[in-house]
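First comes the structure, then the notes that go with it.
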2 protein chains.
Amino acid sequence: MTDVTDGTRWLDDDEQCTWRAFLAVQRLLFDRLERQLQRDSGLPMTYYEILVRLSEAPDHTLRMSQLADSALSSRSRLSHAVARLEAEGWVRRRACAEDRRGSFAQLTEEGMAKLRAAAPEHVEAVRTELFDALTPAQLHALREISDAVVAHLCRPRP
Amino acid sequence: MTDVTDGTRWLDDDEQCTWRAFLAVQRLLFDRLERQLQRDSGLPMTYYEILVRLSEAPDHTLRMSQLADSALSSRSRLSHAVARLEAEGWVRRRACAEDRRGSFAQLTEEGMAKLRAAAPEHVEAVRTELFDALTPAQLHALREISDAVVAHLCRPRP
DNA sequence: ATGAACGCGTTGAGTTCTCAACTATTCCGA
DNA sequence: TCGGAATAGTTGAGAACTCAACGCGTTCAT
C-alpha cells in the first residue's frame, strides 16, 4: 500500500497520523453535534444551517441558488430540504419576477421561532465539544488553517 | 440571537468566523473526497475506511464491534455496510466460537484488490485537496488540534 | 430574430444513514 | 444457580443525500 514505484504520492507516517486524527475529529464531532440537534430540535445540521442563512438575509429572503451557495449545499439537496422546511411551515417559497426560472425562499415567523428555540443548545454544544477543547492559540491556528483550506478548495480549478 | 441574558455562551464574532470556516472545510473537503471516491471506485468513504481497517488487522479479520470502534462507526451503520460489502464479495462474515453472540468480518482477496485499486486516487485527492493547502507548520498545528479535540471528545463524559 | 447553449430549480430512483426495537448470548450478584 | 442486566449484532422503517434527467426561462451569437 505504500509502494513508491507507482507514482502515487503516498502519505508518510506523520501525514497518515494527521489525516486520521483529522478524520476522527470530523466523525466524532459532527456525529455528536448532529445528534444533539436532531434529538433536541428535530433538525439535521444542514437544515439548521439553511435557517441560519435565511435569518441573516435582508427580509429573511434569498434566491435558492444564493442560499445553496451560502449554505454550501448542492441545488438538489437544497430543493429537497426546502421542501421539508416548507411543509413544516418554517420556510415559504416565493416566485421571482425578474427571472421567472428562479424562486425565493423566505423564513417565516414560525421558522424564526424554531431557529431561536434551537440555537442556544446547539451553540452550547459547539462550545463544549469543540471550543472548550482548544487554547486561544489553537483556535487562532484553526481559523487560519480553515481559511487556507477553503481558499485552496475554492481556487479556480487547475 | 446574541442576547446575553439567557445564559447561553454565544460565540463572539471571531469565534463565529472560526466556526464557520471550519464548517466550510468540513463540507467542501469531505464532499469532494466522497465524490471522488464514489466516482472512481463506487465506494462511500465510510466503506473505504472499513476496508482499510480490516486490511491492517491480523489475518485481515476483526470482530464487528472492534471494527465499528476503529472505523468510528455505529454498530448499526457497520452492520448495513458490511452487508453490502459482503454482497460485493469484498468482506466475509465468520462466526465467533468464543462468544457466540459475536461475529468476525474478514477482508477477502477481492476486497484487498478493491482497496488496492481505490487507494492511489483517493490518497492523491487527500493530498491535493488538503495537504497541498497547508504549510508544514500548519500541518503540525492541525495534528495537535485534532489530537486535542479527539482526546476531549473521548474523555469520560462529565 | 432565431435557435443553441446555458442557468435555475425540481424530481425520482436508488443508496446510506439513524433510531428504536429485537434476538441471542453472556455476565454477575444474591 | 437462578434471574435480571448488560453486550453483540441485526433488522426495518423512515429520513436525507446523490446522481442524472428533466422542464422551462434566459442569453447570446449569428
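Each chain gets a letter, A, B and so on, in the order the sequences are listed, and its residues count up from 1.
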CG-NZ distance between A/Leu85 and A/Lys114, expressed to the nearest 0.5 angstrom: 10.5 Å
Contact under 4.0 Å: A/Thr46 side-chain N or O vs D/dA16 OP1/OP2: no
Qualifying side-chain hydrogen bond (donor to acceptor under 3.5 Å, both in side chains) pairs with a residue from residues 84-99 of chain A, counting only residues at least two apart or across chains: A/Arg84-A/Glu88, A/Glu86-A/Arg93, A/Arg92-A/Gln106, A/Asp99-A/Arg101
Among D/dT10, C/dT16, D/dA16, the one nearest B/Ser79 by side-chain distance: D/dT10
Donor-acceptor under 3.5 Å (A/Ser79 side chain, A/Ser76 main chain): no
Interatomic spacing from CD in B/Glu56 to CG in B/Leu51 - rounded to 0.5 Å: 11.0 Å
B/Leu43 CG - C/dG14 P separation (whole Å): 20 Å
Pairing string, 5' to 3', for DNA chain C - Watson-Crick or wobble contacts under 3.5 Å, brackets [ ] where pairs cross, | to another strand: ||||||||||||||||||||||||||||||
Residues forming a salt bridge (Lys or Arg N to Asp or Glu O under 4.0 Å) with B/Asp40, sequence neighbours excluded: none
Value in whole Å for how far the P atom of D/dA15 lies from CD of A/Glu88: 10 Å
Check the interface with nucleotides 19-21 of chain C: list each N/O to N/O pair with the protein under 3.5 Å, or write none.
from	atom 1	to	atom 2	distance (Å)
C/dC19	OP2	A/Arg35	NH1	2.8
C/dC19	N4	B/Ser76	OG	2.6

Nucleotide D/dG9, atom C1' - distance to CG of B/Leu85 in whole Å: 16 Å
Nearest-angstrom distance from the residue atom CZ of A/Phe30 to P of C/dC17: 17 Å
Spacing between B/Gln66 atom CD and D/dG9 atom C1', to the nearest angstrom: 14 Å
A/Ile50 CD1 - D/dA16 C1' separation (whole Å): 11 Å
Distance, rounded to the nearest Å, where A/Leu62 contributes CG and C/dC8 contributes P: 14 Å
Over 12 foreign heavy atoms within 6.0 Å of CG, B/Asp13: no
Along DNA chain C (nearest heavy atom to each residue), the more 5'-positioned of A/Phe104 and B/Ser74: A/Phe104
Would you tabulate the pairs of protein nitrogen or oxygen atoms and nucleotide nitrogen or oxygen atoms of nucleotides 5-8 of chain D closer than 3.5 angstrom?
from	atom 1	to	atom 2	distance (Å)
D/dT7	O2	B/Arg101	NH1	2.6
D/dA8	O3'	B/Arg63	NH2	3.2

ring-ring contact (aromatic ring centres under 6.0 Å, His included) involving A/His60 - partner list, sequence neighbours excluded: none
A/Met64 reachable from A/Leu62 in the ILVMFWY side-chain graph, under 4.5 Å edges: yes
B/Arg84 CZ - C/dC17 P separation (whole Å): 10 Å
Aromatic plane relationship, B/Phe22 with A/Phe22 - under 30° parallel, 30 to 60° tilted, over 60° perpendicular: perpendicular
Minimal non-hydrogen separation, B/Ile50 against B/Ala71, with atom names: CG1-CB, 4.3 Å
Side-chain donor-acceptor contact under 3.5 Å, B/Gln36 with B/Arg32: no
